[in-house]
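Everything below concerns the one structure shown next.
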Number of protein chains: 2
Amino acid sequence: MKSLIKSDTKGRKKVLEPCLEPCPIERGMRLLGAKWKASILWHLKDQPVRFNDLARMIGGASKKMVDQRLKELEAQKMVKRTVLSERPIAVVYQATDFGKSALSVLEPLLKWTEKHHL
Amino acid sequence: MKSLIKSDTKGRKKVLEPCLEPCPIERGMRLLGAKWKASILWHLKDQPVRFNDLARMIGGASKKMVDQRLKELEAQKMVKRTVLSERPIAVVYQATDFGKSALSVLEPLLKWTEKHHL
DNA sequence: CGGTATCCTCTACGATACTG
DNA sequence: CAGTATCGTAGAGGATACCG
């Protein structure tokens with residue numbers, strides 16, 4: 001599925017692409033359905049997590065992917081990035097309230113998946 | 001995102017690939033998150049719909065895509081295909097109870113998307 | 001009508017190496 | 001540690017034409 005963020009004309013900052021699909025479920029899926037996205041958000045719901053720790057938690061996703069998804073989530077205001085210290089640099093990510101609201105919306109999906117052993 | 005169905009060794013019938021991700025939300029998204037999938041299912045929840053009608057309803061998706069998603073949904077037992085008549089051939093698709101249960105699980109996502117004007 | 005077949009493009013995703 | 005750069009590939013997805 002297509003990425004949601006693009007660089008602006010000069011390649012400077014990242015911009016969120018609006019989704020124009022008429023069906024709201026479809027739009028919702030596009031917003032949250034990217035590979036690893038829900039999983040990443042899930043791991044950030046309870047405590048702030050450092051980048052490499054997160055990457056390790058999501059076994060299977062490369063750092064590049066984790067990074068990319070995190071940037072999307074940040075642009076979507078679902079995740080907040082905090083720099084704890086430079087040199088040695090330390091960064092943590094955590095789900096915002098909005099991000100948590102997204103997760104709560106996915107909770108039924110979680111139950112459903114488990115219930116049917118999928 | 002990768003397709004969920006593959007041909008068997010001899011290219012005969014289609015087989016459902018199991019998803020091995022540990023996170024149930026992630027798995028759920030993989031099951032339902034493919035492009036157009038939720039949207040298609042949505043249109044089949046109330047009445048049976050014929051193939052071409054469906055393709056027209058999902059403006060933007062090619063027949064090929066609609067066909068592909070329908071086959072996945074069928075393999076997942078979320079949609080039932082019924083041949084009404086040959087020559088002229090007529091086929092309808094409708095959501096099974098299981099398919100409807102999947103939709104009900106996505107209902108909160110729908111509300112959430114609308115509430116936040118996404 | 002309900003699909004297939006073909007061709008093509010694009011980009012998501014992965015592996016690896018590297019940097020401040 | 002927290003990323004970025006680079007490169008390579010598979011396959012998702014689209015356009016169009018065709019078929020029984």
Side-chain angles (χ1 to χ4, degrees), chain A residues 1-7 11-14 17 19 21 26 29-30 32-40 44 48-74 79-94, chain B residues 1-7 11-14 17 19 21 26 29-30 32-40 44 48-74 79-94:
Chain A
M1 195 93 92
K2 229 173 104 180
S3 172
L4 297 173
I5 49 174
K6 277 197 174 170
S7 302
R12 312 272 183 174
K13 53 185 166 186
K14 304 293 184 174
E17 285 244 302
C19 179
E21 284 312 314
E26 191 67 39
M29 297 303 288
R30 307 265 174 107
L32 300 170
K35 205 172 182 181
W36 310 117
K37 204 166 195 174
S39 199
I40 287 173
L44 301 181
V49 181
R50 299 185 56 165
F51 181 82
N52 278 323
D53 290 342
L54 182 61
R56 252 173 268 119
M57 290 161 116
I58 317 287
S62 62
K63 289 204 290 180
K64 179 179 152 189
M65 276 302 104
V66 173
D67 179 67
Q68 197 171 112
R69 291 288 101 87
L70 279 172
K71 291 217 165 95
E72 283 182 23
L73 287 165
E74 221 191 324
V79 156
K80 179 150 161 278
R81 191 187 104 113
T82 312
V83 178
L84 294 185
S85 76
E86 323 273 343
R87 217 167 347 272
I89 186 166
V91 176
V92 289
Y93 291 89
Q94 56 201 307
Chain B
M1 198 91 93
K2 229 173 103 179
S3 173
L4 296 173
I5 50 175
K6 278 196 173 170
S7 302
R12 311 272 182 178
K13 52 185 167 185
K14 305 292 186 176
E17 285 245 302
C19 179
E21 283 314 313
E26 191 66 40
M29 296 304 288
R30 307 260 175 112
L32 300 170
K35 206 172 180 179
W36 308 118
K37 203 166 197 174
S39 199
I40 286 174
L44 301 180
V49 181
R50 300 184 56 165
F51 181 83
N52 277 322
D53 290 343
L54 182 60
R56 251 172 269 117
M57 290 162 116
I58 317 287
S62 63
K63 289 204 288 181
K64 178 178 154 190
M65 275 303 101
V66 174
D67 179 66
Q68 196 171 115
R69 292 288 99 87
L70 279 173
K71 291 216 164 96
E72 283 183 22
L73 286 165
E74 220 191 325
V79 156
K80 179 149 161 280
R81 191 186 103 113
T82 312
V83 177
L84 294 185
S85 77
E86 324 270 345
R87 216 165 349 269
I89 186 166
V91 176
V92 290
Y93 292 89
Q94 57 201 306

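First the proteins, then the strands, lettered A, B, ... as listed; each starts at 1.
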message: To the closest 0.5 Å, what do you measure between CZ (B/R56) and CZ (B/R50)?
response: 9.5 Å
query: Taking CZ from A/R56 and C1' from D/dA2, how many angstroms apart are they, rounded to a whole number?
result: 11 Å
statement: As a check of understanding: the bend across the helix from C/dC1-D/dG20 to C/dG20-D/dC1, end axes from five pairs, rounded to 10 degrees, works out to 50°
statement: Applying salt bridge (charged side-chain N to carboxylate O under 4.0 Å, His left out) to B/E72 and not counting sequence neighbours gives B/K37, B/R69
query: Atom CE of A/M29 and atom CH2 of B/W36: how far apart are they, to the nearest 0.5 Å?
result: 13.5 Å
- request: Take atom CD of B/E86 and atom C1' of D/dG20, then tell me their distance rounded to the nearest Å.
  value: 11 Å
- prompt: Could you give the CD1-to-C1' distance, from A/I40 to D/dA2, as a whole number of Å?
  reply: 15 Å
query: If the sugar-phosphate is the primed atoms plus P, OP1 and OP2 and the base is the rest, what is the B/S/- string for nucleotides 3-15 of chain D, using protein heavy atoms under 4.0 Å?
result: BS-BB----SBBB
field: Pair A/L70-A/L54, side chain to side chain contact (heavy atoms under 4.5 Å, CB included): steps then yes or no
entry: CA-CA 10 Å; A/L70 279 172; A/L54 182 61; 3.9 Å; yes
- prompt: Any idea which heavy atoms bring B/P48 and B/Q94 closest together, and the distance?
  reply: CA-CB, 3.9 Å
field: Pairwise distance CD(A/E74) to CG(A/D67) - rounded to 0.5 angstrom
entry: 9.5 Å
- prompt: Looking across every strand, which nucleic acid part, if any, lies under 4.0 Å from A/R87 by heavy atom: base, sugar-phosphate, or nothing?
  reply: nothing
query: Between atom CD of B/E21 and atom CD1 of A/I58, what is the distance when rounded to the nearest 0.5 Å?
result: 9.0 Å
message: Is there a side-chain contact between A/V79 and A/R81 in this structure, where contact means two heavy atoms from C-beta onward sitting under 4.5 Å apart?
response: no
